[in-house]
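Quick note on labels: first sequence line is chain A, next is B, and so on, each numbered from 1.
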Amino acid sequence: MHPQKQIAEMVVSALQSAIASNSLPEIGEVAPSVERPKQAEHGDYSTSVAMALASSMRMAPREIATEIVESVAPTSMVQDVSIAGPGFINFKLNDEWLRSQIHVIREAGVEFAHLDVGAGQSIQVEFVSVNPTGPLHIGHVRGAAIGNGLANILDAAGYDVQREYYVNDAGNQMRIFAESAYVRFLQAAGKDAELGAESYPGEYVVELGAELYSELGNAVADLDADEAMEAISAPALDRTLANIRGTLERMGIEYDEWFSEKSLIAGDDFDDSLKLLEERGYVSEREGALWFLGTKIDLESDSVIIRSKERGPSYFGTDIAYHYNKFVKRGFDRVINVWGADHHGHVARMKAVVDSLGVDPEKLTIIINQIVNFKKGDETVRFNKRKDNFIAADELLDAVGPDACHYIFLERTPGTHMEFDLELAKAETSENPVFYVQYAHARLCAVLRAASERGIEFEDGDVSLLTTHQELALMRRLNELPDVIARSAEMLEPHHMPHFAYEVARELQRFYEACRVISSDPADAEITKARLLLVDAARIVLAGTLNIMGMNAPERM
RNA sequence: GCCCCCGUAGCUCAGUGGAUAGAGCACUGGUCUCCGAAGCCAGGUGCGUGAGUUCGAUUCUCACCGGGGGCGCCA
């Protein structure tokens with residue numbers, strides 16, 4: 001259990017025992033909020049529960065606080081509990097306990113911070129899910145970093161996580177894409193063919209057409225249009241998906257499932273979900289189309305599920321089937337969809353669908369990541385995949401590297417309209433905090449290497465020698481990781497991880513400046529060993545944090 | 001017109017209804033006999049506006065102002 005929760009439970013038991021001894025009046029369930037005070041003199045943890053209870057208990061906050069403090073059971077973790085200000089109860093961690101955590105960290109590895117708050121609940125994180133009509137562009141990288149980071153956090157928090165990419169291999173855009181590829185294919189075959197008004201004009205499709213021609217040749221080029229399209233669409237999709245997969249793999253992202261939209265229609269999901277909606281009275285036929293009656297559950301309008309017999313389901317129709325599959329068929333306890341801002345108009349409708357399927361809509365969380373403005377110097381660059389002015393995600397990865405992408409995109413909350421200056425990211429690497437954080441890790445490794453080269457064994461070091469301000473500050477920081485994971489998982493906010501990583505790095509650098517680790521003075525042999533234990537624990541925490549963020553922890557730079 | 005997101009330091013961004021609102025970048029000045037100076041230390045300004053709820057609001061509610069996005073039988 002993470003320290004913050006332990007403190008909260010201490011407060012709850014203290015309250016209960018104070019009430020049991022009639023020192024405080026009876027009240028219902030209380031979930032005290034425990035926070036980290038901004039001021040160091042206010043301790044490591046703090047609760048304002050006494051102030052919150054003042055009116056219902058009809059007592060002065062400080063009186064309540066006094067009763068709680070007197071009822072707190074002593075633990076090895078907490079050294080001091082005090083009352084301050086209008087009624088805050090402040091907790092200070094025990095230095096001995098902090099030092100002992102070094103051993104805990106070194107024995108368990110980063111798993112010392114793993115939690116059971118997820119209690120094995122199954123949770124699906126669906127992210128990226130870009131139409132397979134071309135390579136990922138730089139705007140998609142944000143969603144990739146967020147979804148992956150979130151999945152890693154939930155995993156560390158004890159959820160049973162499934163990462164999924166929804167492949168839109170059916171529908172109109174896919175048809176237009178296949179037609180575009182066919183035109184380029186014919187052109188590669190030396191035949192006359194023109195792109196339609198809606199076609200994908202990108203260079204990528206030209207290359208794809210040429211590749212398909214060299215693979216399939218005139219045998220397909222000489223077929224009539226329908227047969228040729230048929231022959232081309234599957235390999236076109238495969239190649240494009242392979243391209244997308246390759247980019248994500250470069251980012252170290254692996255999915256458990258690539259879920260096909262087509263399979264919803266080919267299988268039973270579409271029909272079954274429709275039947276369920278019909279039974280529940282959310283479907284009606286009108287104007288030759290089948291409608292979802294969103295207006296029955298507070299939506300502004302109804303939406304088309306099936307456009308007509310010939311034209312089949314709308315994307316919304318298959319999305320209903322998809323969420324039916326997620327919740328009813330596969331039975332996930334929770335589902336998180338990470339969507340780009342251009343889909344936000346779809347959020348309320350999707351929640352309504354889940355509701356109308358008889359599933360608690362709270363089980364579905366949709367995280368919208370806002371548009372990224374990419375800048376080249378002072379110039380803002382706009383992107384639109386359907387026009388030919390996007391920069392491929394691979395180019396961004398080439399320029400700044402996957403680690404920097406993970407860090408920079410995770411650092412901002414998904415809701416911010418963030419700016420990403422391409423030239424700055426390329427040229428001024430020292431401005432990038434990712435280097436600061438990774439450098440700190442590399443430096444720790446350098447120290448451990450140096451110790452190893454000098455044959456220093458430190459397993460039996462005595463951590464009680466670690467008493468300086470910087471050493472204790474570092475230990476405090478390292479022990480925050482479980483709290484940070486808990487909060488990130490609970491709030492579904494991955495951005496706390498890079499901020500934490502930065503704070504660890506900063507505390508490390510201060511420690512490094514203030515405390516000589518490997519000393520050549522024989523009199524320092526014992527403190528050297530103790531500090532090496534701390535360095536090793538710090539390395540474990542920092543590397544573990546970076547890994548959760550999807551980043552590498554380099555041993556050298 | 002309706003809906004969603006955003007507005008915090010010169011710039012990019014954190015901030016869980018709590019105590020004196022924080023980092024980075026940029027700017028200035030210090031700082032290296034041994035483990036990596038890509039470092040460390042010191043310098044200061046700000047919650048878009050107006051109400052409301054609350055013991056307490058950057059945080060919650062409403063209105064307004066400003067910026068972005070979305071309102072299709074496209075996805």
Original post:
In terms of side-chain heavy atoms of A:Ala446, which of B:rC35, B:rC5, B:rG36 is nearest?
Top reply: B:rG36

Original post:
Just by protein heavy atoms under 4.0 Å, how would nucleotides 16-22 of chain B read 5' to 3' in B, S and -?
Top reply: B-BBB--

Original post:
A:Ser520 side chain N/O closer than 4.0 Å to the phosphate oxygens (OP1, OP2) of B:rC35?
Top reply: no

Original post:
Looking across every strand, which nucleic acid part, if any, lies under 4.0 Å from A:Glu503 by heavy atom: base, sugar-phosphate, or nothing?
Top reply: nothing

Original post:
Which ranges of RNA chain B pair up as stems, where a stem means three or more consecutive Watson-Crick or G-U pairs with both distances under 3.5 Å?
Top reply: B:1-7 with B:65-71, B:10-13 with B:22-25, B:27-31 with B:39-43, B:48-52 with B:60-64

**OP:** Tell whether A:His499 reaches the base of B:rG15 with its side chain through a donor-acceptor pair below 3.5 angstrom.
**Re:** no

Original post:
Got a donor-acceptor pair under 3.5 Å from the side chain of A:Tyr315 to the base of B:rA75?
Top reply: yes

**OP:** Have a look at A:Phe316 and say if it touches a base, only the backbone sugar-phosphate, or nothing, with a 4.0 Å heavy-atom cut-off.
**Re:** nothing

Is there any protein nitrogen or oxygen under 3.5 Å from a nitrogen or oxygen in nucleotides 40-42 of chain B, and what are the pairs?
residue : atom : partner  : partner atom : Å
B:rC40  : OP1  : A:Tyr436 : OH           : 2.4
B:rC41  : OP1  : A:Arg510 : NE           : 2.7

Original post:
Please walk me through it: do A:Trp339 and A:His346 pass ring-ring contact (aromatic ring centres under 6.0 Å, His included)?
Top reply: CA-CA 10 Å; A:Trp339 287 353; A:His346 192 43; 5.3 Å; yes

**OP:** Using salt bridge (Lys or Arg N to Asp or Glu O under 4.0 Å) as the criterion, list what pairs up with A:Glu261, not counting sequence neighbours.
**Re:** none

**OP:** Kindly determine whether A:Lys296 and A:Asp302 satisfy salt bridge (charged side-chain N to carboxylate O under 4.0 Å, His left out), including the steps that lead there.
**Re:** CA-CA 9 Å; A:Lys296 278 185 81 168; A:Asp302 297 338; over 6 Å; no

Original post:
Distance between the P atoms of B:rG50 and B:rA14, in whole angstroms?
Top reply: 25 Å

**OP:** Have a look at A:Ala341 and say if it touches a base, only the backbone sugar-phosphate, or nothing, with a 4.0 Å heavy-atom cut-off.
**Re:** sugar-phosphate

**OP:** Report the residues that fulfil ring-ring contact (aromatic ring centres under 6.0 Å, His included) with A:Tyr436, sequence neighbours left out, ordered by chain and then residue number.
**Re:** A:Tyr502

**OP:** Examine B:rC34: is either OP1 or OP2 under 4.0 Å from a nitrogen or oxygen in the side chain of A:Arg454? Give yes or no.
**Re:** no

Original post:
Looking only at side-chain N and O atoms, does A:Ser452 come under 4.0 Å of OP1 or OP2 in B:rC35?
Top reply: no

**OP:** Mind listing the residues from residues 344-351 of chain A sitting with a heavy atom below 4.0 Å of RNA chain B? Number order is fine.
**Re:** A:His344, A:Gly345

Subject >> Side-chain-base donor-acceptor pair under 3.5 Å for A:Gln173 and B:rC74 >> reply: yes

